[in-house]
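Reading through the structure tokens given below for one structure.
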Amino acid sequence: MRSHTCGELREENKGEKVTLMGWVGRQRDHGGIIFIDLRDRYGMTQIVFNPSADAVYATGKSLRGEFVVAVTGVVEKRPDNMVNDNLTTGQIEVVAETVEILNVAKTPPFEIDDNVEVSEEIRLKYRYLDMRRSQMQHNLIMRHKMAQLTRRYFDRNGFIEIETPMLMRSTPEGARDYLVPSRVHHGRFYALPQSPQTYKQLLMVSGFDRYFQIVKCFRDEDLRADRQPEFTQVDVELSFVTQEEVLNLVEPLMAEYMDQLLGNNLELPIQRMTFAEAMEKYGTDKPDLRFGMQLVELSDLVENCDFKVFTDCIQNKGAVKGICFAGGAKYSRKQQDVLTAFARQGGARGLVIIKIAGTDWQGNLTKFFNSATRQNIIERMQAKDGDLLLIVADQRQVTNEALGDLRLRIAGEEGLQKDDCYAFLWVTDFPLLEYDDEEGRFVARHHPFTSPKDEDLQWLNSDPGRVRAKAYDLVLNGTEIAGGSIRIFKKDMQQEMFKLLNISDEEANNKFGFLMEAFEYGAPPHGGIAFGFDRMAMLFAGRKSIRDVIAFPKTSSAISLMDGAPSAVDSKQLQELGVKLATE
RNA sequence: GGAACCGUGGUGUAGUUUGGUUAACACGCCGGCCUGUCAAGCCGGAGAUCGCGGGUUCAAGUCCCGUCGGUUCCGCCA
């Protein structure tokens, strides 16, 4: 049908007779000569209609935005001063000889143009039009390249891609499951996978010692800018590996993404940090390393000062720490109050703000600290004239998290998080368990199949909260983009873990019996990792929401504005499934 | 489950603080003029019961209550 796409003609094609097909973009009608931009996903080509060509000129004049047309004509080099350098085809234009209108189009609800702002609500309702815009085309093409690169990478490294079921058993731990009622077995339900975790472990038992899959996962939890109820993971599992080997497998893949998608060089190895260090220095388990402003320990320096808030805190085994906000003295009293309110909102009892003027502190807090203490603090925090010291005194975890949040907030306000900067980081040695106040028991921080660190096994029963896991996260610019662990592969250890999690033998057997039984038939040691594919695509495309890299995303209330999912269903359908709606 | 911000022609916004005559601007759309534009230019026109429901008032886009929808955040997300 077409001889070329709208993005491929160049000066060398001069004189060729071509047929292009695409959508009518902007039209520039000069009364005599008419130009139209013919668009497809490859680019844009200018079509020229000359008044001397009667028949085709009339058709050209009748064209409207988003009509689908086939244009046949001759490629001509544009006059020298008419070349458009913003267009890859800007050297040439096609002089129309015949035009066929393949389909007419209503005036679209918004212009198909990256420069026109459209609310996300309208974009999602007319997603098929939104995706005609070059920004979305670029995002989805990049996502495609990522997927292909990923497949090639794992294939080259001996991995087998194996599909696992979408209809599986509901599991007790973790996120809320999406449930699918069984028609054949009334009262029973499948769950959509939160991840193929158990399947990939079983594949290891089967001997597929290097497995990967680009796979949809489902979690029925509330949404965020970087969270959709259905999302894509690159799921990876290996047998006979150490944590070190998993990390080393992932790093060159990240370097390839950076190189092939962005043309950036990623220096390997990727920096590493333990969970404990991340919390102490950045107040979060996913530090954004695009900027500094580390948390600084001050407890030892203020132990004997006259400021009761600090000394009381230390006596209660809390921590006094601070961050240095370079140039922060420019903040008004009002802005400072907002920071204080923000810290309180994050759970801190308060926020101490000290202005540095010249080489000393300024303000009425100065009197509680002798000169030596003030200088020691300035020195340790590397504070300069015009800086602001933000100090929190509270329980250590509260102090860390409050300062970590403040650090991010200030970075946001000051524009320290550059979009074109890519700071990767491994965070390792996560706690195995976390105490859940609501449930009154320990829960797995990663998942219940994560192996404890060998040297911490001694505390498994006496001090479970102290046990670290063979678990690791990959962080990019403050966003977790991958997480994994070395797994438990022995039945008795897995049983012990369930016991720690307060899952009864009966429940464990009922829900995970198949896995534990499999472990009895020669399960190899194994471990793996899973990548948040949408999040990576979002970061590489420089977008703020994963909706921009998903073709048909849901809104923040988990609705599809285009097709109206979820919807009510016929009572006949419910009847077949043996499902009755509860009524209030 | 909670909080904040937002909802005004097809699109994006102004107007809401302080209620008052015909709801303004840009883009788009339609028509006219125009033979080298490329976000073409110039002239003209159509197009909005201000998300929905209720209330206060002589009078509501504007104030109050409720509701629906969008976005962001907290909780949640092994």
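The chains referred to below are lettered A, B, ... by the order of the sequence lines, with proteins before strands, and numbering in each begins at 1.
If you take CD of A:Gln27 and C1' of B:U37, they are 13 Å apart, rounded to a whole angstrom. A:Asp29 places its CG atom 13 Å from the C1' atom of B:C42, with the value rounded to the nearest Å. Atom CD of A:Gln345 and atom C1' of B:U72 are 13 Å apart (whole Å). When rounded to the nearest whole Å, the span between CD of A:Glu401 and P of B:C74 equals 12 Å. As rounded to whole Å, 12 Å separates atom P of B:C77 from atom CG of A:Asp177. Computed from coordinates, the A:Ile122 CD1 to B:U8 C1' distance equals 13 Å when rounded to whole Å. For the pair A:Leu223 CG and B:C74 P, the interatomic distance rounds to 13 Å; values are reported in whole Å. Atom CG of A:Leu124 is separated from atom C1' of B:G70 by 9 Å (rounded to the nearest Å).
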Review point. How far apart are the C-alpha atoms of A:Arg26 and A:Glu111, what are their side-chain angles, what is the distance that settles it, and do they pass the salt bridge (Lys or Arg N to Asp or Glu O under 4.0 Å) test?
Key: CA-CA 10 Å; A:Arg26 290 191 174 274; A:Glu111 295 160 71; 3.5 Å; yes

Practice item. Test side chain to side chain contact (heavy atoms under 4.5 Å, CB included) on A:Arg547 and A:Ile550 and set out the steps. Key: CA-CA 5 Å; A:Arg547 290 186 298 275; A:Ile550 295 173; 5.7 Å; no

Point to revise | Residue pair A:Arg219, A:Glu221: steps toward the salt bridge (Lys or Arg N to Asp or Glu O under 4.0 Å) verdict | key: CA-CA 6 Å; A:Arg219 293 177 192 175; A:Glu221 297 293 349; over 6 Å; no

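One donor-acceptor pair, N or O on each side, does fall under 3.5 Å between the base of B:G36 and the side chain of A:Glu93. The base of B:U37 sits with one of its N or O atoms less than 3.5 Å from a complementary donor or acceptor on the side chain of A:Gln46. Within 3.5 Å, no donor on the side chain of A:Arg219 pairs with an acceptor on the base of B:C76, nor the reverse. One can find a donor-acceptor pair under 3.5 Å joining the base of B:G75 and the side-chain atoms of A:Asp222.
Side-chain proximity of A:Leu561 to the nucleotides B:G75, B:C38, B:G69 is greatest for B:G69. The side chain of A:Glu111 lies closest to B:G28 when the candidates are B:G28, B:U37, B:G12. Picking from B:G36, B:U72, B:U11 the nucleotide with the shortest atom distance to the side chain of A:Arg78 gives B:G36. Which of B:A39, B:C29, B:C38 sits closest to the side chain of A:Arg26 comes down to B:A39. The nucleotide whose nearest atom lies closest to any side-chain atom of A:Arg224 is, among B:U71, B:G36, B:G75, B:G75. Proximity note for A:Ala175 (side chain, C-beta onward) versus B:C77, B:G28, B:U11: the nearest is B:C77. When distances are taken from the side chain of A:Val116 to each of B:U35, B:C38, B:U11, the shortest belongs to B:U11. Distance from the side chain of A:Arg547 is smallest for B:U71 among the nucleotides B:U71, B:U35, B:C76. Side chain of A:Arg28, nearest nucleotide from B:C77, B:G28, B:U37: B:U37. In the set B:U72, B:G31, B:G36, the nucleotide with an atom closest to the side chain of A:Ala225 is B:U72.
Remark: B:U71 base-pairs with B:A4. Criterion, Watson-Crick or G-U wobble with two distances under 3.5 Å. Base pairing of B:C63: its partner is B:G55, meeting the Watson-Crick or G-U wobble criterion (both donor-acceptor distances under 3.5 Å). Under the Watson-Crick or G-U wobble criterion, with both distances below 3.5 Å, B:C25 is paired with B:G12. If you check B:G31 for Watson-Crick or wobble pairing at under 3.5 angstrom, you find it paired to B:C43.
Under 4.0 angstrom from either OP1 or OP2 of B:G12 there lies at least one side-chain N or O belonging to A:Ser119. Look at A:Ser556 and you'll find a side-chain N or O under 4.0 angstrom from OP1 or OP2 of B:U71.
In this structure, A:Leu501 reaches neither bases nor backbone, as no heavy-atom distance under 4.0 Å exists between it and the strands shown. No engagement by A:Thr450 is indicated, since no non-hydrogen atom pair under 4.0 Å with the nucleic acid exists. Within the 4.0 angstrom heavy-atom criterion, base atoms lie near A:Pro448. Counting non-hydrogen atoms under 4.0 angstrom, A:Asn50 reaches nothing in the nucleic acid. Nucleic acid contact for A:Val443: none, since no nucleic acid atom lies under 4.0 Å from a heavy atom of the residue.
Taking the C1' atom of each, B:G28 and B:G9 are spaced 11 Å apart, rounded to whole Å. With C1' as the reference atom, B:G15 and B:C6 are 16 Å apart, rounded to whole Å. The same atom, P, is picked in B:A26 and in B:C43; the two are 11 Å apart, to the nearest Å. Taking atom P on both B:G61 and B:U16, the two are 14 Å apart, rounded to the nearest angstrom. With both ends at atom P, the span from B:A60 to B:G51 equals 15 Å, rounded to whole Å. To the nearest whole angstrom, the two C1' atoms, one in B:A48 and one in B:C29, are 15 Å apart. B:A24 and B:C63 have their C1' atoms separated by 23 Å, with the value rounded to a whole Å. Comparing the P positions of B:C65 and B:A3 gives an interatomic distance of 13 Å, to the nearest angstrom.
Residue A:Lys544 is the one, among A:Glu221 and A:Lys544, whose nearest nucleotide of RNA chain B lies closer to the 5' end (criterion: closest heavy atom). Nearest-nucleotide assignment on RNA chain B puts the 5′-proximal partner with A:Val118, out of A:Asp37 and A:Val118.
If you take CG on A:Leu192 and CE on A:Met166, they are separated by 8.0 Å, rounding to the nearest 0.5 Å. How far CG of A:Asn50 is from OH of A:Tyr57: 9.0 Å, rounded to the nearest 0.5 Å.
Two residues are said to be in side-chain contact when any heavy atoms from C-beta on lie closer than 4.5 Å; A:Leu460 and A:Leu457 meet this criterion.
Looking at A:Glu480 and A:Lys286, no side-chain N of the basic residue comes within less than 4.0 Å of a carboxylate O on the acidic one, giving no salt bridge.
Under the 6.0 Å distance and 45° angle rule, A:Arg407 counts as a cation-pi partner of A:Phe291.
Checked by atom type and distance alone, the side chain of A:Asp534 pairs as donor or acceptor with a backbone atom of A:Thr232 at under 3.5 Å.
B:U37 has A:Phe35 stacked on its base ring, the centres lying under 5.5 angstrom apart and the planes within 30 degrees of parallel. Taking a centre distance below 5.5 Å and an interplanar angle below 30 degrees as the stacking criterion, A:His30 does not stack against the six-membered base ring of B:G36.
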